[in-house]
Amino acid sequence: MNLGSLNLALKMIKEEYKLSDSQILILSRRLMADDREFERMWNLFKNRRTGNTDTFSELLKDLLS
């Protein structure tokens, strides 16, 4: 995993979903632990809009729980 990609992803997610610093910390630890989960999450984030439905928000809830 490229740390630049991870930082970009976290910054974009934080801005888009108005996450707190503690939520970003949880998310970053989880994504740094598993490259495949990061790649899956990043692809879902980039393709999150299908019409009026945000397909990424459910994954984000799961990652933060």
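Predicted model, so just to flag it, every value in this text is computed and none were measured. Scope of the values below: all heavy atoms of this structure, side chains included, with no hydrogens, waters or symmetry mates.
With rounding to the nearest 0.5 Å, the separation of CD1 in I13 from CG in L31 is 7.0 Å. Note that the CG atom of L63 and the CZ atom of R40 stand 7.0 Å from one another [nearest 0.5 Å]. To the nearest 0.5 Å, atom CG of residue D54 and atom CD of residue E16 are 7.0 Å apart. How far CG of L60 is from CZ of F45: 9.5 Å, rounded to the nearest 0.5 Å.
Between F56 and Y17, the ring planes lie tilted relative to each other; the angle falls in the 30° to 60° range.
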Enumerate donor-acceptor pairs with a distance under 3.5 Å from any side-chain N or O in residues 19-28 to protein atoms, sequence neighbours excluded.
residue : atom : partner : partner atom : Å
S20     : OG   : S22     : OG           : 3.0
S20     : OG   : Q23     : N            : 3.2
S20     : OG   : Q23     : OE1          : 3.4
D21     : OD1  : K14     : NZ           : 2.4
Q23     : OE1  : S20     : N            : 2.8
S28     : OG   : I24     : O            : 3.2
S28     : OG   : L25     : O            : 3.0

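Annotation: salt bridge (Lys or Arg N to Asp or Glu O under 4.0 Å) contacts of E58 (sequence neighbours excluded): K61. In terms of the salt bridge (Lys or Arg N to Asp or Glu O under 4.0 Å) criterion, residue partners of E37 (sequence neighbours excluded) are, by chain and number, R30. Taking K46 as the reference, W42, N43 meet the side-chain contact (heavy atoms from CB on, under 4.5 Å) condition, with sequence neighbours excluded.
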